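Structure, as structure tokens:
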Amino acid sequence: MARRKKIYEGKAKILYEGPEPGTIVQYFKDDATAFNAEKKDVIDGKGVLNNRLSEFFMTGLNQIGVPTHFIRRLNMREQLVRSCEIIPLEVIVRNYAAGSMSKRLGIAEGTQLPRPIVEYCYKDDALGDPLVTEEHIAAFGWAGQQDMDDILSLALRVNDFMSGMMLAVGIRLIDFKIEIGRVYEGDFQRLIVADEISPDSCRLWDIETGQKLDKDVFRRDLGSLTDAYSEVARRLGVLPKSNVTKPTLIN
């Protein structure tokens, strides 16, 4: 089998050249990082869970008309995605105060916000992905006004879809981040949801207990990350429920 050409390696994924023009193979690693990679570990099975969960969310978005880069899952750790030009922004949608918002504004974690708030961070690990305004985005040419309108619309549609899906299985969607890519079809450009959607990029709290089911488990040393991600997958029906009985021994 021909050796694949690596395009890029990030903290949680590796991108390879795809089998057809305009495609990329996205490989999910078991690496876990937090605090801009100051805290690191390898969590067995994390990549498999994120691959399956991201497939589930991206497929659902495609089905309701929210365009994504996802084409199909290839195996337990890889998926085929559409190549796109990533806009250098993290788009964050917050439904409840948590994390950096709570620290910046002095709002208690878990406080419901008056409405979903969309924030933007400039994608640059060396700078710590700083918060930026639409004025910065326009001034530095990262996205035009029409792009920003489309990004906001996509972000809020993803939020509606994800919030409803999580609520149905007893999980509160606190916040999440997505990345947006540009694809070109002739002279026509459109924006699509790219990268991944998984517990790595969302804050997910159990509605009844407040238990964290996302990467904060790793950030704050709250237990097993794979147990938390597996619980999300089980509730959504991505993984079978663990109700297998022990085999009976026959003499």
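Every value quoted in this text rests on a predicted model; they were computed, and no experiment measured them.
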From [atom1] ([X]) to [atom2] ([Y]), nearest 0.5 Å:
| X | Y | atom1 | atom2 | result |
| --- | --- | --- | --- | --- |
| I178 | E90 | CD1 | CD | 11.0 Å |
| F28 | Q79 | CZ | CD | 4.0 Å |
| E9 | Y27 | CD | OH | 9.5 Å |
| I24 | I14 | CD1 | CD1 | 13.5 Å |
| E85 | Q189 | CD | CD | 7.5 Å |
| D175 | M101 | CG | CE | 8.5 Å |

The test is side chain to side chain donor-acceptor pair (under 3.5 Å); show your working for N51 and E55 and say whether it passes. CA-CA 6 Å; N51 184 28; E55 171 199 15; over 6 Å; no
Any idea which heavy atoms bring [X] and [Y] closest together, and the distance?
| X | Y | value |
| --- | --- | --- |
| S230 | L49 | OG-CD1, 3.6 Å |
| I171 | R235 | CG1-NH1, 3.6 Å |
| M162 | C202 | CE-SG, 4.1 Å |
| V25 | R4 | CG1-NH1, 3.5 Å |
| D214 | L225 | O-CD1, 3.6 Å |
| G47 | R77 | CA-NH1, 3.7 Å |

With heavy-atom distances below 4.5 Å as the criterion, would you say the side chains of [X] and [Y] are in contact?
| X | Y | value |
| --- | --- | --- |
| V158 | F57 | no |
| F140 | V132 | no |
| M76 | R52 | yes |
| L154 | I180 | yes |
| I151 | M148 | yes |
| K177 | E119 | no |
| Q211 | E231 | no |
| L213 | P199 | no |

Mutual orientation of the aromatic rings belonging to Y122 and W142 [parallel < 30°, tilted 30-60°, perpendicular > 60°]: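 Answer is parallel, since the angle falls under 30°.
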Counting only heavy atoms not in E135, do more than 12 fall under 6.0 Å of its CD?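 Open: at most 12 neighbouring heavy atoms sit under 6.0 Å from CD of E135.
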Are there over 12 heavy-atom neighbours, none belonging to E208, within less than 6.0 Å of that residue's CD?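 No, because the 6.0 Å sphere around CD of E208 holds 12 heavy atoms or fewer from other groups.
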Got a sec, which residues hit salt bridge (Lys or Arg N to Asp or Glu O under 4.0 Å) with D149, two or more places apart in sequence or on another chain?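 Counting only residues at least two positions away or on another chain, D149 forms no salt bridge (Lys or Arg N to Asp or Glu O under 4.0 Å).
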What residues, two or more places apart in sequence or in another chain, satisfy salt bridge (Lys or Arg N to Asp or Glu O under 4.0 Å) together with D129?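 By the salt bridge (Lys or Arg N to Asp or Glu O under 4.0 Å) rule, D129 matches no residue at all.
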Could you walk me through whether I87 and E179 pass side chain to side chain contact (heavy atoms under 4.5 Å, CB included), step by step? CA-CA 7 Å; I87 295 173; E179 295 184 17; over 6 Å; no
Looking at [Y], is its backbone amide N or carbonyl O close enough to the side chain of [X] to form a donor-acceptor pair, meaning the two atoms are under 3.5 Å apart?
| X | Y | result |
| --- | --- | --- |
| T209 | D206 | no |
| T59 | F56 | no |
| D31 | K11 | no |
| N62 | T68 | yes |
| S83 | T23 | no |

Given the rule that I, L, V, M, F, W and Y join up when any side-chain heavy atoms are under 4.5 Å apart, are [X] and [Y] in one cluster?
| X | Y | result |
| --- | --- | --- |
| W205 | F176 | no |
| I64 | L236 | yes |
| L127 | I137 | yes |
| V66 | M166 | yes |
| L204 | F161 | yes |

Checking K46 against Y229: charged group under 6.0 Å from the ring centre and within 45 degrees of the axis?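 Because its charged atom misses either the 6.0 Å distance or the 45° angle limit, K46 does not stack over Y229.
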Chi angles and distances behind the side chain to side chain contact (heavy atoms under 4.5 Å, CB included) call for D44, T226: CA-CA 8 Å; D44 288 343; T226 49; 5.8 Å; no
Set out, in order, the CA-CA distance, both residues' side-chain angles and the distance that settles side chain to side chain contact (heavy atoms under 4.5 Å, CB included) for M58 and H69, then state yes or no. CA-CA 8 Å; M58 293 287 193; H69 73 161; 4.1 Å; yes
Under a 4.0 Å threshold between the charged nitrogen and the carboxylate oxygen, would [Y] count as salt-bridged to [X]?
| X | Y | answer |
| --- | --- | --- |
| R219 | D216 | yes |
| D221 | K39 | yes |
| R182 | D147 | yes |

Candidates I197, D200, D30 - the one meeting side-chain contact (heavy atoms from CB on, under 4.5 Å) with N50: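 So, applying the side-chain contact (heavy atoms from CB on, under 4.5 Å) to N50 and each of I197, D200, D30, only D200 qualifies.
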Pair M165-L173, side chain to side chain contact (heavy atoms under 4.5 Å, CB included): steps then yes or no: CA-CA 9 Å; M165 177 177 290; L173 179 64; over 6 Å; no
Starting from the C-alpha separation in whole Å, work towards a yes-or-no answer on salt bridge (charged side-chain N to carboxylate O under 4.0 Å, His left out) for R220 and E109. CA-CA 14 Å; R220 304 182 185 187; E109 284 204 320; 2.9 Å; yes
